[in-house]
Amino acid sequence: MTKPKILITGANGQIGRVLTEELRKVYGTEAVLATDIAKLPVTIEPFEFLDILNAQRLKEIVEDHQITQIYHLAAILSANGEWNPIKTWNINLNGLLSILELAREKSLDKVFFPSTIMVFGNTTPRIDTPQDVPLLPSTVYGMSKATGELWCNYYHNRYGVDVRSLRYPGIIGWQSLPAGGTTDYAVEIFHAALKEGKYECFLEEDTKLPMMYMDDAIKATIDLMRVDKKNLTIRYGYNLAAMSFSPKEIAAEIRKHIPQFEITYKPDFRQAIAKTWSESIDDSQSREDWQWKPSFDLSTMTVDMLHHLRQTIL
Ligand code: AKB
């Protein structure tokens, strides 16, 4: 097998930063090209500026760097997406179509497409949401990801593109900050607890959502991309789960380490988005097809987050 040459879009995002670093540990720094529309810190070199809507530039980069795999992370998330639905649809869906078309044309080895639990909505069972259910997403972000999944499935079935996808829950990590998502509170709360000793949450206290520690999300992504393709039975998004908790529950967990920590609640428009989501996810197909198993729960994640953040932000 020849060594992969990887391109990451959205490499300066919450997941992109950590995934870029991890893939470089696995394949070597020069084998992983970071791209983003936002300026990146120097440490992320090699880097190319890329507006995902510029299909011609994307093609040039793929040709110039002899790319064989793409991790396509560039997207606008759920809360930010609601401020500009048409732009969000354009970036999230047309960006993906350019990637899939390029993968077909250049016979790329593999493509990764991050989907989300936001593809679910009011038509899905909220507890242990099964893999295959009617999808009626409530946001343009969810709509673009649900439609993106269909395109991935189509490019695989019609053209044999080896595209793989995960429905990420809310991702929590100390290495980077999320931007514009509904689950962002679960990262902000740690920063606020350590710096201010208090946090005002934009969701209601009992809003339970599926979440995952960054280490598990990165491991899932790399594992899915490495597994033999004959094991994969799904070419749209695989359900993926680790833990579920509410703002009240994570605050109680943080209080075990910072007893004076206080949380108050001031729900905003993001509460209406969160209300349409699943509380927990059935990821048995991932466990069966590619032996997915998370390592972190709420308690071990909290210990690890506080440990790393104490060293990096205080
Ligand atoms: C968001 O909140 O928009 C994302 C997601 C769950 O896809 N974190």
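When a ligand or atom number is given, it counts from 1 through the structure's own listing order. For reference, positions follow the sequence shown, starting with 1.
Of the inter-residue distances, the one linking Thr20 atom OG1 with Ile6 atom CD1 reads 9.5 Å to the nearest 0.5 angstrom. Atoms CZ and CZ, from Phe269 and Phe202 in turn, are 8.5 Å apart once rounded to the nearest 0.5 Å.
Here the two rings, on Trp151 and Tyr236, have centers that are 6.0 Å apart or farther.
The pair Lys266-Asp268 does not meet the salt-bridge criterion, since no charged nitrogen lies less than 4.0 angstrom from a carboxylate oxygen.
Contact of the Met305 side chain with the Ile172 side chain is registered, since non-hydrogen atoms from C-beta on lie closer than 4.5 Å.
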Name each N or O atom in ligand 1 that is under 3.5 Å from a protein N or O, and give the partner atom and the distance.
unit_1	atom_1	unit_2	atom_2	d
ligand 1	2 (O)	Ser78	OG	3.4
ligand 1	2 (O)	Thr182	N	2.7
ligand 1	2 (O)	Thr183	N	3.1
ligand 1	2 (O)	Thr183	OG1	3.3
ligand 1	3 (O)	Ser78	N	3.2
ligand 1	3 (O)	Ser78	OG	2.5
ligand 1	7 (O)	Thr116	OG1	2.7
ligand 1	7 (O)	Tyr141	OH	2.7
ligand 1	8 (N)	Thr183	OG1	2.9

>> Walk me through whether Glu101 and Tyr155 qualify under side chain to side chain donor-acceptor pair (under 3.5 Å).
In response: CA-CA 8 Å; Glu101 196 41 24; Tyr155 265 76; 2.4 Å; yes
